[in-house]
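Numbers for residues simply follow the sequence, beginning at 1.
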Amino acid sequence: MASIAIIGGGPAGYVAAITAAQHGQQVTLIDKGPLGGTCLNEGCMPTKSLLESAGVYSLVKQANKFGIRIVSNQIEVDWDTVQQRKNTVVSSLVQGIQYLMKKNRIKVINGTASFLSSRVLRIDSEDKQEELTSDKIIIASGSEPVSLPFAPFNKEWIIDSSQAMSLKKIPSSLLIIGGGVIGCEFASIFSRLGTKVTIVEMAEQLLPGEDDDIASILHKQLKKDQVKIHTSTTVIDLNAVQKKAILENDGAIHEVEAEFVLVSIGRRPRIQALGLGNIGVQYSRQGIHIDEQMQTNIPNIYACGDVIGGIQLAHVAFHEGKVAALNACGLETQVNYRAVPRCIYTSPEIASVGLTEKQAREQYGDIRVGEFPFSANGKALITNEQIGKVKVTIEPEFGEILGISIVGPHATELIGQGTVMLQAELTTDLMVDLIAAHPTLSEALHEALLSAVGHAVHV
């Protein structure tokens, strides 16, 4: 039985621990905070809880459209209860991971780890310091928010996403710097709860990684929710005393006042405290260098998750953690990044898998594109969620499905079908005769595929 130490208890780390334990290894997991990492404690799960509360509030306000009248009682948000519900969800999931550690006989040490040698870690906890020797070590220390170089986080006015989800009250106004996934999700949360939200994005569009026609649908809805959006705009100064931000757009300067400033310009690998220089592990600002087996240049040391850079998504970290552990156990395998779904829990939701239309055209030239709007979908009309569409890109010679983008109701659930298509390398001739259940939102995906080959029925 070999011993494996894992640094970090987030999605990559705890999955690596369970995988290694299931393959008969003696596993020790080191993490200074609650298990689950950023995703569970400060990211994916708590933000989705807040988004759900904001969505329910928004739906209740539209109850009259469904023939439901709310008489006498004024609709209002109980922020303390919203926070309690969020914390209960997080706590329940943390306890679930703790149970999995016990079930798989994984030793958990609460502390921070750094390398003394390629096989020896120094572990610092609140009351002691100890050394741990292991045959193999997996680094899964995660990432942390990037601050503006001229205006670091002060946790009072300039805040990161962790602090934004635990504010004592709903802010009257919020300036969000960065119109990527995190920024847009928080805009969806607070704008629907009544906050005056402003987004500043340096790129020409929100969500720069997605096609402009997909991002533009969210842009329009955010504006409808009274969000002020400044694209192609740079923040040149933040005045914490006056609580003012100075913005520049095409040479024009203007000011924005806000109760809080949320900086969401990205995350960087959490590397500095690991002591990698002591043992010669190769890394850069982008992350730890690894090969296809998640192995570093030091043969017994592996790395996975956000700390290696790349695709910083929890479900990718799950898979990378599994692959790192299997290789550490001597079972050679590697990650397949072909079909990684990208989910954005805004209102409307956005989800994609595979190539965007822009990427597909750059790689394949004259592709086929099929689209189907939710405004023509019966279930979307029933639920009063007609905003958005499904878009499918097809390789012209063999009809291979290259990418799927969805903006609209339950897009993050619907993309599961698209992920299976991409993973299985399916072609349109295998999908055109699919019988989709009716009435469902998933019919829109089938109709988009039919549209790509010129056989759309309902549009």
Hey, mind stepping through Thr393 and Tyr364 against side-chain contact (heavy atoms from CB on, under 4.5 Å) and telling me if it holds? CA-CA 11 Å; Thr393 56; Tyr364 292 89; over 6 Å; no
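Here the CG atom belonging to Leu355 is positioned 5.0 Å from the CD atom belonging to Gln363, to the nearest 0.5 angstrom. Atom CD in Glu371 sits 12.5 Å away from atom CG in Leu449 (nearest 0.5 Å). How far CG of Leu426 is from CD of Gln417: 11.5 Å, rounded to the nearest 0.5 Å.
Screening residues 217-261 for ring-ring contact (aromatic ring centres under 6.0 Å, His included) gives His230-His254 as the qualifying pairs, with residues at least two apart or on separate chains. Applying the salt bridge (charged side-chain N to carboxylate O under 4.0 Å, His left out) test to residues at least two apart or on different chains, the pairs with a partner in residues 349-364 are Glu357-Arg361, Glu357-Lys391. Within the structure, side-chain hydrogen bond (donor to acceptor under 3.5 Å, both in side chains) pairs that include any residue of residues 91-106 comprise Ser91-Gln95 (at least two apart or interchain). Applying the side-chain hydrogen bond (donor to acceptor under 3.5 Å, both in side chains) test to every pair with at least one member in residues 448-459, sequence neighbours left out, gives these pairs: Glu447-His458. For residues 169-184, every residue pair satisfying the salt bridge (charged side-chain N to carboxylate O under 4.0 Å, His left out) rule, not counting sequence neighbours, is listed here: Lys169-Glu259. Legend: side-chain hydrogen bond (donor to acceptor under 3.5 Å, both in side chains) pairs involving residues 51-60, not counting sequence neighbours, sorted by first then second residue: Ser58-Gln62.
At a cut-off of 3.5 Å, with distance as the only test, a side-chain donor of Tyr337 or Glu320 sits close to an acceptor on the other residue.
By the side chain to side chain donor-acceptor pair (under 3.5 Å) test, Asn239 pairs with Gln242, sequence neighbours left out. The side chain to side chain donor-acceptor pair (under 3.5 Å) search around Thr427 returns Asp429, not counting sequence neighbours. The side chain to side chain donor-acceptor pair (under 3.5 Å) search around Asn336 returns none, not counting sequence neighbours. The salt bridge (charged side-chain N to carboxylate O under 4.0 Å, His left out) test applied to Arg270 returns Glu144, not counting sequence neighbours. Scored by the side chain to side chain donor-acceptor pair (under 3.5 Å) test, Ser405 finds Ser352 as partners (sequence neighbours excluded).
Asp124 contributes no side-chain N or O that, together with a main-chain N or O of Gly111, makes up a donor-acceptor pair within less than 3.5 Å. Asp31 places no side-chain N or O within donor-acceptor distance of the main-chain N or O of Ile109, the cut-off being under 3.5 Å. With hydrogens and angles ignored, the 3.5 Å screen pairs a side-chain donor or acceptor of Gln83 with a backbone N or O of Met165.
Using a cutoff of 4.0 Å between basic side-chain nitrogens and carboxylate oxygens, Arg338 and Glu400 are scored as salt-bridged.
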Kindly list each side-chain donor-acceptor pair under 3.5 angstrom involving residues 373-382, sequence neighbours excluded, with atom names and distances?
unit_1 : atom_1 : unit_2 : atom_2 : d
Asn377 : OD1    : Lys379 : N      : 3.1
Asn377 : OD1    : Ala380 : N      : 2.9
Asn377 : ND2    : Thr440 : O      : 3.0

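Heavy-atom minimum distance, Ala203 versus Thr231: O-CB, 3.5 Å. Here the shortest heavy-atom pairing between Leu218 and Ser347 reads CD1-O, 3.9 Å.
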